Chemist: 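Quick one: the structure is below, and I'll ask about it shortly.
Values in this document were obtained by computation on a predicted structure and should not be read as measured data.
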Amino acid sequence: MDAEMDEAMRTHLPVSFGKQSMPQHRSSSVHLTTRRTLESANNPSSSSAAIAVAKSSWVDEPTKHNPTAVDFEENAIGPLLPLPSVTGRHEAVYDDVRALIGPPLPPQSSSKKFDEEEEDEEIIGPPRPPQLSSDDGSDSDLDDLPLEDKLRIPLSNEIVLKGHSRIVSALAVDHSGSRVLSGSYDYTVRMYDFQGMTSKLQSFRQLEPFEGHQVRSISWSPTSDKFLCVTGSAQAKIYDRDGLTLGEFIKGDMYIRDLKNTKGHISGLTGGEWNPKSKETILTSSEDGSLRVWDVNDFKCQKQVIKPKLARPMRVPVTACAWDHEGKRIVGAVGDGSIQLWSMKSVWGSRPDIHVERAHTDDVSGLKFSVDGLILLSRSMDSTLKVWDLRQMRNPIKIFDNIPNHYAQTNAAFSPDEQLIFTGTSVEKEDTTGGMLCFYHRRKLELVSRIGISPHQSVVRCSWHPKINQVFVTVGDKKEGGTHILYDPSMSQRGALVCVARAARKKSVDDFDAQPIVHNPHALPLFRDQPSRKRQREKILKDPMKSHKPELPVNGPGFGGRVGATKGSLLTQYLMKQGGLIKETWMEEDPREAILKYADAAAKDPKFIAPAYAETQPKPVFAESDSDEEQK
């Protein structure tokens, strides 16, 4: 009886007191919504609004026409759908969550088996604390991985950071992998924070660095407390981590012919990058044909002006620039197709240490040094990617062609272990492949994989973050732009995994916001605008009197100098003339005869002048002619 009463009381009392914990979602179910599958690729609208699902994933099948492709069927874990031919690229969908490219995972070590045996035994005391990854910026977690595991590309899952209305042309991820910056042709920069972002994937701040100018480059400082923003204007800006403006570099005098005498750029910027080792030095390139090294603490003048070597003394734009990993060398691409490299010394000028003429047939859109400083990548708008050995720069060691590029910000990058080289492709007319991400082996210099990112949008910027092991790709077109983040839950850390598993906060009673009723005085009938008078104005314009239409010129005879139906007379006169009561014959008569016909009447009955002078006026006497004398 007492047990029944206790059970009845428990139903009316809470199980625990204090703040109720949020229900935790299983990570496997959360990441299934972001998995790259065939169904979500063909119908992206079917996914939830909070998470943008990937479009598709294409892999080339190794055939006789493409001997450089890797046989992925042997390296995949789990059953794999049959791979298509080279001509028709389709999706490669794995039943396992992880999509593997490269050799399979190594077998479990003896230490791992020993840990599993310990788990089966009864644990005495508190559990061991979880192992936390180091935040010192080192790549120790990647160094511990075997070589086979390093070649795997995290692409099983994908999310999309949306918000731009044009193609995303600039991308920067801070060194900890917690904050992402994206710049676009819509003149704005959006800031995303993984720690504070929910599954809605919304940016926490939007900036417009320079009104009416495209964003062309974004770069974080080595300490990730500031970032450089380069737009189409002649002045670069520095912002802090939260998006507040710290300063703007000065613009040079455009009327000075020698660029070394100007304090800043005089034309639009094309690129810029922060020195990877010095938090006070940045590099910018411009359409005025110069590269400039700036000090962040002095916005009024640059530290050094670099004028590339040219065949003729003229202004040729510098299309791209980059630092090496140690921050001691500068490379720039000139509009004449040449690539020039300078070493920073105590005393150095504009003469390049390495000068490669006609490196590309079109503008170079991206340059990238390897960490060891031996390899240089150059991406160009001539649809090629060239790999250069800095010890022998006469000819490239490899040329990857047939990689379309229509944007001046398309780059090339290395994987964290620098075993792979990857770049994006642009969408061409009458092309069904879409924007892709192409991976090449650095040592073998052959194609490893082509991954489809978007079926209708071009791929511009790409980056593989070494700490969180996630691939960032920017895409877009004239209507929309976004940043795709590829990751693998089994390989990646933090980053996209943090925000995807965080549900949006539900609205509570405290969030109630009363919407006040605003009475606008101009909404009242007394203050309303007058209705449209378009028809009334058109009617007035047709009336020559109201519209004050000018009189037309006179052509031919008329009455009073005017020609018309009434001949310039009144209506009564016009009717009398038409009835024959008034006859006008003066146009047919001789003026002299018309006057003389009144001579007799005037002599007989004078009315005006003659009666007034009749009494005083002498009578005129006319001499009579003598006909006889005239005859003599």
Chemist: State, with a plain yes or no, whether a side-chain heavy atom of I330 is found less than 4.5 Å away from one of L283.
Modeler: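 I330 reaches L283 side chain to side chain.
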
Chemist: T270 side chain to V318 main-chain N or O, any donor-acceptor pair under 3.5 Å?
Modeler: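 Looks like yes, one N/O pair under 3.5 Å.
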
Chemist: Between T319 (side chain only) and V364 (backbone N and O only), is there a donor and an acceptor less than 3.5 Å apart?
Modeler: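 Checking the backbone N and O of V364 against the side chain of T319, a donor-acceptor pair under 3.5 Å is found.
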
Chemist: If I compare all heavy atoms of V168 with all of G183, which pair ends up nearest, and what's the gap?
Modeler: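 Shortest heavy-atom contact: CG1-O, 3.3 Å.
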
Chemist: Which heavy-atom pair separates I250 from K300 by the least distance, and what is that distance?
Modeler: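 Heavy atoms of I250 and K300 come nearest at CG2-O, 3.1 Å.
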
Chemist: Tell me, please, which residues at least two apart from R537 pass side-chain contact (heavy atoms from CB on, under 4.5 Å).
Modeler: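 Result, side-chain contact (heavy atoms from CB on, under 4.5 Å) vs R537: R533, K534.
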
Chemist: Looking at every non-hydrogen atom in both residues, tell me the closest pair between Y187 and Q214 and how far apart they are.
Modeler: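 So the two residues come closest at CD2-N, 3.7 Å.
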
Chemist: What residues, two or more places apart in sequence or in another chain, satisfy salt bridge (charged side-chain N to carboxylate O under 4.0 Å, His left out) together with K226?
Modeler: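 For K226 there are no salt bridge (charged side-chain N to carboxylate O under 4.0 Å, His left out) partners, ignoring immediate neighbours.
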
Chemist: Kindly write out the residues that satisfy side-chain contact (heavy atoms from CB on, under 4.5 Å) with D225, not counting sequence neighbours, or none if the list is empty.
Modeler: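 side-chain contact (heavy atoms from CB on, under 4.5 Å) check on D225 returns S221, T223.
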
Chemist: Under the side-chain contact (heavy atoms from CB on, under 4.5 Å) criterion, do I282 and S219 qualify, and how do the steps go?
Modeler: CA-CA 9 Å; I282 65 171; S219 178; over 6 Å; no

Chemist: Check whether any side-chain heavy atom of L259 lies under 4.5 Å from a side-chain heavy atom of R292, and answer yes or no.
Modeler: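 Side-chain contact under 4.5 Å: yes.
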
Chemist: With sequence neighbours left out, what residues match R216 under salt bridge (charged side-chain N to carboxylate O under 4.0 Å, His left out)?
Modeler: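 Listed in chain order: E287.
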
Chemist: With no hydrogens and no angle check, is any side-chain donor or acceptor of S199 less than 3.5 Å from a backbone partner on V500?
Modeler: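 Judged by distance alone, no pair lies under 3.5 Å.
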
Chemist: Rounded to the nearest 0.5 Å, how far does CD1 of I218 lie from CG of L228?
Modeler: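 Separation between the atoms: 9.0 Å.
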
Chemist: Please evaluate residues M197 and F204 with respect to the criterion side-chain contact (heavy atoms from CB on, under 4.5 Å), reporting the C-alpha separation (whole Å), side-chain torsions for both, the decisive distance (0.1 Å), and the verdict.
Modeler: CA-CA 8 Å; M197 190 165 52; F204 72 92; over 6 Å; no

Chemist: If you compare all heavy atoms of Y192 against all heavy atoms of K162, which two are closest, and at what distance to 0.1 Å?
Modeler: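 Heavy atoms only, the tightest pair is OH-O, 2.8 Å.
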
Chemist: Answer yes or no: is there a donor N or O on one side and an acceptor on the other, between the side chain of S426 and the main chain of S458, under 3.5 Å?
Modeler: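 No, S426 side chain to S458 backbone: no donor-acceptor pair under 3.5 Å.
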
Chemist: Can you name the nearest heavy-atom pair linking G272 to V230, along with the distance?
Modeler: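 Heavy-atom minimum between the residues: CA-CG2, 3.9 Å.
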
Chemist: Please identify each residue that fulfils side chain to side chain donor-acceptor pair (under 3.5 Å) with S217, with sequence neighbours left out.
Modeler: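 S217 satisfies side chain to side chain donor-acceptor pair (under 3.5 Å) with no residue once adjacent residues are dropped.
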
Chemist: Could you measure the distance from the CG atom of D401 to the CG atom of D382? Nearest 0.5 Å is fine.
Modeler: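 D401 atom CG to D382 atom CG measures 9.5 Å (nearest 0.5 Å).
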
Chemist: Hey, could you give me each pair passing salt bridge (charged side-chain N to carboxylate O under 4.0 Å, His left out) that has a residue in residues 235-252? Not counting sequence neighbours.
Modeler: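 Salt bridge (charged side-chain N to carboxylate O under 4.0 Å, His left out) check on residues 235-252 returns D174-R241, R179-D242.
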
Chemist: For D186, is there any backbone N or O sitting under 3.5 Å from a side-chain donor or acceptor partner on S165?
Modeler: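 A pair under 3.5 Å: no.
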
Chemist: Checking T281 side chain against D295 main chain: does a donor-acceptor pair fall under 3.5 Å?
Modeler: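 Checked: no pair found.
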
Chemist: With sequence neighbours excluded, tell me which residues meet side-chain contact (heavy atoms from CB on, under 4.5 Å) with I256.
Modeler: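 Per chain and number, I256 pairs via side-chain contact (heavy atoms from CB on, under 4.5 Å) with D253, N261, T262.
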
Chemist: Could you go through the side-chain contact (heavy atoms from CB on, under 4.5 Å) check for S380 and N405 one step at a time?
Modeler: CA-CA 7 Å; S380 174; N405 179 16; 5.8 Å; no

Chemist: Rounded at 0.5 Å granularity, tell me how far CG in L181 sits from CZ in R190.
Modeler: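 So the CG of L181 and the CZ of R190 are separated by 12.5 Å.
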
Chemist: Quick check for you: to the nearest 0.5 Å, what is the distance between T188 atom OG1 and L207 atom CG?
Modeler: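 The distance works out to 8.5 Å.
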
Chemist: Please enumerate all residues that pass ring pair (Phe, Tyr, Trp, His ring centres under 6.0 Å) together with W294, with sequence neighbours excluded.
Modeler: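 With sequence neighbours excluded, W294 shows a ring pair (Phe, Tyr, Trp, His ring centres under 6.0 Å) to F249, given in chain and number order.
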
Chemist: Answer whether the closest heavy-atom distance between the side chains of P308 and V316 falls below 4.5 Å.
Modeler: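 No, too far: nothing below the 4.5 Å cut-off.
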
Chemist: Looking only at non-hydrogen atoms, find the nearest pair between P209 and V189 and report the distance.
Modeler: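 Minimum heavy-atom contact is CG-CG2, 3.8 Å.
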
Chemist: Between F194 and V173, is any pair of side-chain heavy atoms under 4.5 Å apart?
Modeler: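 Answer no - side chains too far apart.
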
Chemist: With a 4.5 Å cut-off on side-chain heavy atoms, are V471 and L437 touching?
Modeler: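 Yes, side chains in contact.
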
Chemist: How about R36 and L486: do any of their side-chain heavy atoms sit closer than 4.5 Å?
Modeler: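 R36 vs L486: side chains touch.
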
Chemist: Sequence neighbours excluded, which residues qualify as side chain to side chain donor-acceptor pair (under 3.5 Å) partners of S267?
Modeler: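 Applying side chain to side chain donor-acceptor pair (under 3.5 Å) to S267 gives none.
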
Chemist: Any chance CD of E211 has more than 12 other-residue heavy atoms, nucleotides or ligands included, within less than 6.0 Å?
Modeler: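 Atom CD in E211 is not packed in, count stays at 12 or less.
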
Chemist: What is the distance from atom NZ of K368 to atom CG of L385, rounded to the nearest 0.5 Å?
Modeler: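 These two atoms lie 13.5 Å from each other.
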
Chemist: For S182 and H164, test the side chains for any donor-to-acceptor distance below 3.5 angstrom and give the result as yes or no.
Modeler: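 Per modelled atom types, S182 and H164 side chains form a pair under 3.5 Å.
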
Chemist: Going by the rule ring pair (Phe, Tyr, Trp, His ring centres under 6.0 Å), which residues pair with Y239 if we only count those two or more places apart in sequence or in a different chain?
Modeler: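 F227.
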
Chemist: Does a side-chain heavy-atom distance below 4.5 Å link V475 with V460?
Modeler: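 Not in contact.
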
Chemist: Between L367, T384, I403, which is the residue that forms a side-chain contact (heavy atoms from CB on, under 4.5 Å) with R379?
Modeler: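 Testing each of L367, T384, I403 against R379, the sole residue satisfying side-chain contact (heavy atoms from CB on, under 4.5 Å) is I403.
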
Chemist: What's the spacing between C321 SG and I306 CD1 if we round to 0.5 Å?
Modeler: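 With rounding to 0.5 Å, SG (C321) is 9.0 Å from CD1 (I306).
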
Chemist: Check side-chain contact (heavy atoms from CB on, under 4.5 Å) between A413 and all other residues, then give those that pass, not counting sequence neighbours.
Modeler: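 Only F422 meet the side-chain contact (heavy atoms from CB on, under 4.5 Å) criterion with A413.
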
Chemist: Should K539 and K546 be marked as a side-chain contact (heavy atoms from CB on, under 4.5 Å) after you check the CA-CA gap, both sets of side-chain angles, and the distance that decides it?
Modeler: CA-CA 10 Å; K539 186 177 180 181; K546 293 183 179 180; over 6 Å; no

Chemist: Are L201 and C499 packed together at the side-chain level, in the sense that at least one heavy-atom pair is separated by less than 4.5 angstrom?
Modeler: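 Touching, per the 4.5 Å side-chain cut-off.
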
Chemist: Do any pairs count as a salt bridge (charged side-chain N to carboxylate O under 4.0 Å, His left out) and have a residue in residues 304-317, sequence neighbours left out, and if so which ones?
Modeler: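 Residue pairs passing salt bridge (charged side-chain N to carboxylate O under 4.0 Å, His left out), neighbours aside: D258-K307.
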
Chemist: Please check if the side chain of S169 supplies one atom and the backbone of V215 the other of a donor-acceptor pair under 3.5 Å.
Modeler: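 Pair found, side chain donor or acceptor close to backbone of V215.
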
